[in-house]
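Remarks on the structure that follows.
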Amino acid sequence: MLERDELERYARHIVLREVGGPGQAKLKAASVLVVGAGGLGAPVLLYLAAAGVGRIGVVDDDTVSLSNLQRQVIFGTGDIGTRKVDGAEAVIARLNPHVAVEPHMMRLEAGNGLDLISRYDIVADGSDNFATRYLVSDACYFAKKPLVTAAVGTFDGSLTTIRAHETRDDGTRNPTYRCLFPEPPPEGSVPACAEAGILGALPGVLGSMMALEVIREIVGFGEGLVGRLLMVDARSMRFETLSYGWDRNNPLSGERPTIKNLSIHK
């Protein structure tokens with residue numbers, strides 16, 4: 001049940017026929033794990049908290065630095081040197097006291113990934129490296145959890161939703177992250193943000209769209225991004241969508257899977 005002040009707080013959601021009171025109640029009952037409290041994670045955390053997601057976990061082992069503030073808008077100058085998970089928790093507490101925040105000051109690894117992800121209904125991955133993205137996607141598959149994942153470059157970004165543990169109405173399996181990206185690029189071929197730079201507002205755009213996709217997955221309206229990759233080109237302000245499907249040869253959920261657990265992740 002929504003409390004009286006929640007009815008006013010979420011009034012613009014409740015009057016939407018696609019959300020309404022039942023949809024808002026689903027948001028309140030939901031739990032989301034946000035991987036990374038950086039450029040993507042910041043708007044995800046803010047908008048999910050504002051939307052009334054009842055329990056939000058945030059996992060990050062980093063502290064706030066001055067160079068983060070150009071894009072990680074959940075932090076301020078006074079947060080420099082503090083733990084990101086603590087800063088995120090404090091901001092969300094001020095934004096919406098109805099949201100329970102669970103800070104996880106750790107790096108997501110093979111030894112803890114499955115246990116942590118299993119505690120939440122859905123995962124939003126805003127990590128900044130391929131190793132973590134593959135780990136999170138594999139863990140979500142084994143934990144049977146939906147995953148909203150995004151990545152950004154200097155002036156470009158992409159977003160998709162993975163429900164690889166489920167099948168479509170025709171019996172076809174939903175694709176995995178490994179169906180879309182069979183292998184990570186060679187180490188060193190993609191320069192890090194500190195080397196290549198990044199347009200500060202870009203992760204804000206992609207992170208907000210991640211939050212929208214998470215809300216869609218929880219409430220259940222419209223057409224989501226399962227089997228579709230949304231690509232954003234900020235230079236020309238173009239949005240394109242690429243469809244992709246299940247790869248019978250993928251090592252995770254293919255016809256002859258070779259990945260049986262998270263032990264392949266070092």
Side-chain angles (χ1 to χ4, degrees), residues 31-41 44-45 55-63 83-86 88-89 101-152 158-166 173-194 207 210 213-214 217 226 229 244 246-266:
S31 60
V32 180
L33 178 65
V34 179
V35 181
L40 290 168
V44 172
L45 289 163
R55 183 165 63 94
I56 300 176
V58 53
V59 54
D60 198 305
D61 68 342
D62 201 4
T63 57
R83 306 191 326 172
K84 288 184 177 181
V85 293
D86 294 338
E89 181 181 23
V101 182
E102 297 173 347
H104 304 284
M105 180 67 178
M106 64 176 70
R107 177 174 290 276
L108 208 62
E109 298 174 339
N112 59 30
L114 191 58
D115 174 66
L116 185 57
I117 285 171
S118 296
R119 304 179 202 171
Y120 295 87
D121 298 326
I122 186 169
V123 177
D125 183 13
S127 58
D128 61 357
N129 64 88
F130 287 99
T132 302
R133 290 176 196 141
Y134 280 90
L135 169 63
V136 171
S137 64
D138 289 350
C140 285
Y141 174 75
F142 290 121
K144 295 181 169 54
K145 302 293 183 179
L147 166 66
V148 175
T149 180
V152 289
S158 63
L159 169 67
T160 191
T161 296
I162 310 288
R163 300 185 74 102
H165 58 287
E166 298 175 347
R173 296 180 183 180
N174 281 334
T176 70
Y177 187 79
R178 292 179 180 275
C179 296
L180 179 60
F181 301 111
E183 295 181 354
E187 188 172 351
S189 62
V190 179
C193 171
M210 286 178 70
E213 190 68 2
V214 170
E217 288 293 309
V226 175
L229 178 69
Y244 65 98
W246 174 66
D247 178 6
R248 64 181 65 249
N249 296 314
N250 90 76
L252 184 65
S253 68
E255 294 179 338
R256 296 180 178 84
T258 57
I259 300 174
K260 304 296 180 67
N261 51 53
L262 299 182
S263 62
I264 67 165
H265 298 277
K266 304 300 183 181

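Just so it is clear, the model here is predicted, and its values are computed rather than measured. We number each residue from 1, following the sequence as shown.
Atom CD1 of I117 is separated from atom NZ of K145 by 10.0 Å, given to the nearest 0.5 angstrom. In this structure, the separation between CG on L147 and CG on D125 is 6.0 Å, given to the nearest 0.5 Å. Within the model, atoms SG of C140 and CD1 of I162 stand 9.0 Å from one another, a figure rounded to the nearest 0.5 Å. Atom CD of E109 is separated from atom CG of L135 by 8.5 Å, given to the nearest 0.5 angstrom. Atoms CD and CD1, on E89 and I56 in that order, are 11.5 Å from each other to the nearest 0.5 Å. Once rounded to the nearest 0.5 Å, the distance linking CG of L108 with CG of L114 reads 10.0 Å.
When Y134, Y141, F142 are each tested for a side chain to side chain contact (heavy atoms under 4.5 Å, CB included) with I259, only one passes: F142.
No donor-acceptor distance shorter than 3.5 angstrom exists from the side chain of D60 to the backbone of K84, with no hydrogens or angles considered. Using a distance-only test at 3.5 Å, with no hydrogens or angles considered, a donor-acceptor pair links the side chain of N250 to the main chain of D247. Of the possible polar contacts, one joining the R173 side chain to the S253 backbone as a donor-acceptor pair under 3.5 Å is found. For the pair N112 (side chain) and R107 (backbone), a donor-acceptor distance under 3.5 Å is present.
Surrounding CD of E183 are at most 12 heavy atoms belonging to other residues, nucleotides or ligands under 6.0 Å away.
Counting heavy atoms from C-beta on, the side chains of V136 and T149 never come closer than 4.5 Å. At least one side-chain heavy atom of L159 sits under 4.5 Å from a side-chain heavy atom of V148. Taking the side chain as every heavy atom from C-beta outward, Y244 and T160 approach each other to under 4.5 Å. Contact of the M106 side chain with the V59 side chain is registered, since non-hydrogen atoms from C-beta on lie closer than 4.5 Å. Between L33 and R119 the shortest side-chain heavy-atom distance does not fall below 4.5 Å. Inter-residue side-chain proximity for K144 and S118 is flagged as unmet; no heavy-atom pair is nearer than 4.5 Å.
Geometrically, R55 engages Y120 in a cation-pi contact defined by less than 6.0 Å to the ring centre and at most 45° from the axis.
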What verdict does the salt bridge (Lys or Arg N to Asp or Glu O under 4.0 Å) test give for R163 and E217, after you've listed the backbone C-alpha separation in whole Å, the side-chain angles of each residue and the deciding distance to 0.1 Å?
CA-CA 10 Å; R163 300 185 74 102; E217 288 293 309; 2.3 Å; yes
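Of all heavy-atom pairs spanning V58 and A37, the tightest one is CG2-CB, 3.9 Å. The nearest pair of heavy atoms linking L262 to A139 is CD2-N, 3.8 Å. Contact detail for L45 and A88: the closest heavy-atom pair is CD1-CB, 4.0 Å. When all heavy atoms are compared, the tightest approach of M210 to A150 is SD-CB, 3.4 Å. The two residues I264 and R178 have their closest heavy-atom pair at CD1-NH2, 3.6 Å. Of all the heavy atoms in P257 and L252, the pair that sits closest is CB-O, 3.4 Å.
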